[in-house]
Amino acid sequence: GTTGAKAAFITSLQSVVVAACTSIVAGRLQLGTIFSALLAVLGVAFIELNGALDPTMGDAVCMVAPIGVGIGWYVLDKNMKKYPN
């Protein structure tokens with residue numbers, strides 16, 4: 001299992017996944033994007049983790065959420081631009 005705090009931290013990484021998808025597809029990695037993603041991860045880590053860093057199988061299962069949801073948000077954005085109506 002995992003703790004609620006670690007699950008909250010891991011699932012909050014979806015914004016980092018969206019930024020990574022956008023950078024990879026655009027073929028450019030901007031310093032501002034890297035800094036923003038790092039700041040977001042560190043901020044949520046300080047709030048949620050409280051020193052609980054031991055990885056568990058539950059953490060691995062939780063990693064599916066930010067990857068799936070992050071890619072979903074990226075695809076939704078692309079389709080909304082392609083089909084605005």
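Just so it is clear, the structure is predicted and the values come from calculations on it, not from any experiment.
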Taking all atoms of both residues into account, what is the closest heavy-atom pair of Thr11 and Cys62, and its distance?
CG2-O, 4.4 Å
Below 4.5 Å, heavy atoms only, C-beta onward: do Trp73 and Val17 meet side chain to side chain?
no
Determine the minimum heavy-atom distance between Thr2 and Gly58, stating which atoms define it.
CB-C, 4.0 Å
Hey, does the side chain of Asn79 reach the backbone of Val75 with a donor-acceptor pair shorter than 3.5 angstrom?
yes
Is there side-chain contact between Asp77 and Met80, with heavy atoms separated by less than 4.5 Å?
no
What about Tyr74 and Val16, same hydrophobic cluster or not, with Ile/Leu/Val/Met/Phe/Trp/Tyr joined at side-chain heavy-atom distances under 4.5 Å?
no
For residues 16-44, which residue pairs pass the salt bridge (charged side-chain N to carboxylate O under 4.0 Å, His left out) check, not counting sequence neighbours?
none
Are the side chains of Ile71 and Cys21 in touch, meaning some heavy atoms are under 4.5 Å apart?
yes
Run the side chain to side chain contact (heavy atoms under 4.5 Å, CB included) check on Lys6 and Thr56 step by step: do they pass?
CA-CA 10 Å; Lys6 282 172 62 177; Thr56 65; 4.2 Å; yes
Return the CG to CZ distance between Leu31 and Phe35, rounded to the nearest 0.5 Å.
8.5 Å
Who passes side chain to side chain donor-acceptor pair (under 3.5 Å) against Ser12, sequence neighbours left out?
none
Would you kindly confirm whether Leu38 and Leu13 end up in one hydrophobic cluster when ILVMFWY residues are joined by side chain heavy atoms under 4.5 Å apart?
no
